[in-house]
4 protein chains.
Amino acid sequence: MANSNRKDNRKNEIIDAALKVFSEKEYQDATISEITKLVGISEATMYEYFGSKEDLLFAIPGKITAEAIEFIEQILPFIRGAEGKIKAIVQNYLTVCQNNPEYTSLVMLQLKTNRNFRSTEAFKIIRKGALILLDCIKEGIDDGTFKSTTDPYLERAIILGTIEHLCTRWRMMGSPANLIEHGDRIVNSVLHGIVEKKDARRVSLHLELDDETGDESAPSDAPDKK
Amino acid sequence: MANSNRKDNRKNEIIDAALKVFSEKEYQDATISEITKLVGISEATMYEYFGSKEDLLFAIPGKITAEAIEFIEQILPFIRGAEGKIKAIVQNYLTVCQNNPEYTSLVMLQLKTNRNFRSTEAFKIIRKGALILLDCIKEGIDDGTFKSTTDPYLERAIILGTIEHLCTRWRMMGSPANLIEHGDRIVNSVLHGIVEKKDARRVSLHLELDDETGDESAPSDAPDKK
Amino acid sequence: MANSNRKDNRKNEIIDAALKVFSEKEYQDATISEITKLVGISEATMYEYFGSKEDLLFAIPGKITAEAIEFIEQILPFIRGAEGKIKAIVQNYLTVCQNNPEYTSLVMLQLKTNRNFRSTEAFKIIRKGALILLDCIKEGIDDGTFKSTTDPYLERAIILGTIEHLCTRWRMMGSPANLIEHGDRIVNSVLHGIVEKKDARRVSLHLELDDETGDESAPSDAPDKK
Amino acid sequence: MANSNRKDNRKNEIIDAALKVFSEKEYQDATISEITKLVGISEATMYEYFGSKEDLLFAIPGKITAEAIEFIEQILPFIRGAEGKIKAIVQNYLTVCQNNPEYTSLVMLQLKTNRNFRSTEAFKIIRKGALILLDCIKEGIDDGTFKSTTDPYLERAIILGTIEHLCTRWRMMGSPANLIEHGDRIVNSVLHGIVEKKDARRVSLHLELDDETGDESAPSDAPDKK
DNA sequence: AATGAATGAGGGTTCATTCAT
DNA sequence: TATGAATGAACCCTCATTCAT
């Protein structure tokens, strides 16, 4: 066990160094030498722990991703309502990214577009996370929170695409500097839309019956008129 | 002119071949040799037309991108309403991608995350396209179509992120096979949201007064019918 | 003739540009392109005038060298005495170098150590110059100005070697800044030596005692007997 | 130590091969491949020992030069008189060249005119050697062996220039075949000059008349009056 | 006379990877 | 467990040179 622990430590040291290097430069421009120098070991030693340069690359995101998914799985049961759950997922996603800029760079700029990555253990975990999000959306549809016509896959694509776009921008250009504060705003906008609801006729109906009609509760019909 | 034409033709031949090769494999794994063999010229000849491998890479997206932006600029003045304009932009974007799978692969999988690409002429054109979209959103806010609280930048991020996500998925996994048909659905969902507007209190009121308010037949479903 | 003149002009333009370029960088690092750009012609045009890069290189020193030799040949008959003639030759050599720094760089740093240069027309001219110097030394020996034991070839090597050393240093390091003023000093030192001839006393001793003077104790003249 | 020895051996093997190749052809025409084939290693291995082709080139003369300087430093203290010392230095120089023809070719034909070489460790050693020679000349001036008007720098230039000229000729044309035997002749000629001190008659005159023969009035000084 | 266009030939250099120790 | 030593395998790029026009 002591052995295995020591091995694991060394392995993690290598992974940490690799994350640092791979996040700074393209995979092809990063060298094993640079990584091992950072750890203070020989290049040959790296091959005692990882089969190849690519193996090392793919081993990096595993831990952070797994922890993030684990965390959200623990949290979710305590949250009521699809919207709340989605907000939790998005918030968690953005928080992890914000707190791990190098990890974010690696995932958004390199792994996401790497074909071989898709056959990786780490990718399976990510897929699992995407499935959780999908389930929340479906749950919202099933319980009537979301329109029954909602395409859960498209909705997930919108949410994930938005996060990816923002994270990529953040790593490439430095803005937006603060991801976390965008969490709820993203979800609100995506779930509720931005179209102003004003339907004279129906609004008048409402007015007669109920004067509490606000932004959030406004009828969602307007858009379709076009 | 004959001269310049011949040169241009040769240049385009090289670009076409490069697009083919660069879209199939990572930039670093693609070789000049492979590209020039495809054209039937020597490697040295390539260097008569482009200064370096990277120069060639960055020269590829120029034409398609420029044409797409040009087209949308011509179309836009004839479209009324922010929502319509946004739909046109998204539709155009997706159509270009669908019709140019290799171009899409190149842009989504390689150029988008390439730091040097940002100082490129082609990137400036892309930026211009993003600005047009932003202006449409702002226009919608200004004319009251969209809620005044809307963050146009976030909204643009949502739209672009969604498109990028879908295009990337398409090139990586082959699905969704048909991008174009997602255009309006994306915009509808993003602009109108998916939250069902029923407020228990208000619903009960409605029920008493109006029997036409139903889940399935609700106005909010309309978009999906398209 | 007009044609031939025009051709010659163009040829000289190219030679001038080549001299500039070749004197600045090693032959191998200089490019035809750089030279032709300086002239404002295409690279192909250069090949209309010279057979190859090396041909061009070897064509450069011809004119200056020939003129210098010609000049010294005209001057020499008017000078009396071997020492005066040698001084004239050295002075002329140094003056040419001083006035043509690029030519000097070319000859001293590149051509002198180029094996192919030895089969060149320009080299023959240089050889002729060396022969003239040799003849002056021989003349000095024959007429008793120089010791009969003098090795004219070695003496020429001393003179030429010194000039080459100084010129090389000048071009490599910038010093001595003024070559010309070294002319007479070189010849004086070389011809007369630097050993102090003192010692009437010792001489008288010898005279009184013995004409079998040995090497070590011999007056300063002895060594040359060997 | 065993390790370091093995590495050093390998390094020396490469240097030896490089010397052979670089002395035969111009630096630019020599290839790493040719050198490493001679050693029986891969080209990549060469780069484990030397950073670049030029690094290898500059590493070659180090050992021989250092040894030569070291040797002369050990010998010099045992030699009396400036002339003797200078003869020892020249003799040593020529002997090293004669015994190391390839080294001589490299130094005389390539390194001497290579600007980058001047910032090399090996060049510093050479400079040191030149300083030793200069000191001997100065010593001769100070102790009255040489005329007080002697320019030690010019004198050094004469001696070194002559050696360089002869060595260069030897490597380029094969003559003189024997350098070593020229050692003393060079020094004698350079130090004592070749001008015939005529006049046994005048000498006898001096003897009879005056034993205080001084610098300025000596027959051999005449030339300097000019 | 001039050159635009094309290329053959090659060479230095870099690294991921291996393996004996 | 760790690594020193070695290398195979490429690739980008440069230029002198040619030739049809």
Side-chain angles (χ1 to χ4, degrees), chain A residues 3 6-7 10-11 27-36 39-57, chain B residues 2-4 6-7 9-11 27-36 39-56, chain C residues 3 6-7 10-11 27-36 39-57, chain D residues 2-4 6-7 9-11 27-36 39-56:
Chain A
N3 261 341
R6 184 187 298 175
K7 256 224 151 186
R10 179 54 41 110
K11 207 166 183 171
Y27 172 71
Q28 302 268 14
D29 296 330
T31 65
I32 300 288
S33 161
E34 200 179 348
I35 295 168
T36 51
V39 185
I41 59 175
S42 76
E43 299 174 52
T45 300
M46 184 252 134
Y47 283 90
E48 296 292 326
Y49 292 87
F50 301 92
S52 71
K53 189 187 179 185
E54 204 178 40
D55 275 1
L56 172 56
L57 172 69
Chain B
N3 264 340
S4 127
R6 182 191 294 187
K7 264 231 152 188
N9 286 341
R10 181 50 46 107
K11 208 166 183 172
Y27 172 71
Q28 303 267 14
D29 296 330
T31 67
I32 301 290
S33 163
E34 200 179 346
I35 294 169
T36 51
V39 184
I41 58 173
S42 75
E43 296 178 39
T45 299
M46 184 255 133
Y47 283 92
E48 293 289 324
Y49 291 85
F50 301 92
S52 70
K53 191 187 178 186
E54 203 180 40
D55 274 2
L56 174 55
Chain C
N3 260 340
R6 183 187 299 173
K7 257 223 150 187
R10 177 56 40 111
K11 208 166 181 172
Y27 173 71
Q28 302 268 13
D29 296 331
T31 65
I32 301 288
S33 162
E34 199 178 349
I35 294 167
T36 52
V39 184
I41 58 174
S42 76
E43 299 174 51
T45 300
M46 183 253 135
Y47 283 90
E48 296 291 326
Y49 292 86
F50 300 92
S52 70
K53 189 188 180 185
E54 203 179 41
D55 276 1
L56 173 55
L57 172 69
Chain D
N3 263 341
S4 127
R6 182 191 294 187
K7 265 232 152 188
N9 285 341
R10 180 54 41 109
K11 209 166 183 172
Y27 172 71
Q28 302 266 14
D29 297 330
T31 67
I32 300 290
S33 163
E34 200 180 346
I35 294 168
T36 52
V39 184
I41 58 173
S42 75
E43 298 179 38
T45 299
M46 183 254 134
Y47 282 91
E48 293 289 326
Y49 291 85
F50 301 92
S52 70
K53 192 187 178 185
E54 203 180 39
D55 274 2
L56 174 55

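Residue numbers start from 1 in every chain, and the chains themselves are labelled A, B, ... in the order their sequence lines are given, proteins ahead of strands. Please read these numbers as outputs of a predicted model, since none were measured by experiment.
Contact check for D:D29 versus C:Q28: side-chain heavy atoms found under the 4.5 Å cut-off. No side-chain heavy atom of D:V39 sits less than 4.5 Å from a side-chain heavy atom of D:M46. Contact annotation: the side chain of C:K53 approaches that of C:Y27 to within less than 4.5 Å [non-hydrogen atoms, C-beta and beyond].
Contact annotation: D:S42 does not reach the phosphate of F:dG8 (side-chain N/O to OP1 or OP2, under 4.0 Å). At E:dA5, none of the side-chain N or O atoms of B:Y49 fall inside 4.0 Å of OP1 or OP2 (strictly under the cut-off).
Remark: C1' of E:dA5 and CG of B:N9 are 14 Å apart, rounded to the nearest angstrom. Taking atom CD1 of A:I35 as the reference point, atom P of E:dT17 lies 11 Å away to the nearest angstrom. Look at CE on D:M46: it is 13 Å from C1' on E:dT14, rounded to the nearest Å. Look at CZ on A:F50: it is 21 Å from P on E:dC15, rounded to the nearest Å.
Taking CZ of D:F50 as the start and CG of D:L56 as the end, the distance is 5.0 Å to the nearest 0.5 Å.
The minimum heavy-atom distance between D:I32 and D:Y47, with the atom names listed, is CG1-OH, 4.0 Å.
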Measure all distances between protein nitrogen or oxygen atoms and nitrogen or oxygen atoms of nucleotides 11-13 of chain E, and list the pairs falling under 3.5 Å.
residue, atom, partner, partner atom, Å
E:dG12, OP1, D:A30, O, 3.2
E:dG12, OP1, D:K53, NZ, 3.1
E:dG12, OP2, D:I32, N, 3.3
E:dT13, OP2, D:Y47, OH, 2.4
E:dT13, OP2, D:K53, N, 3.1
E:dT13, O5', D:Y47, OH, 3.4

| message | Let's test your reading of the pairing rules: Watson-Crick or G-U wobble, both distances under 3.5 Å, then write DNA chain F as a dot-bracket string with ( ), [ ], | and dots. | response | .||||||||||||||||||||
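Residues satisfying the side-chain hydrogen bond (donor to acceptor under 3.5 Å, both in side chains) test with A:E54, not counting sequence neighbours, are A:N116.
Nucleotides of DNA chain E nearest to B:I41 and A:E48 differ in position, and the one nearer the 5' end is that of B:I41.
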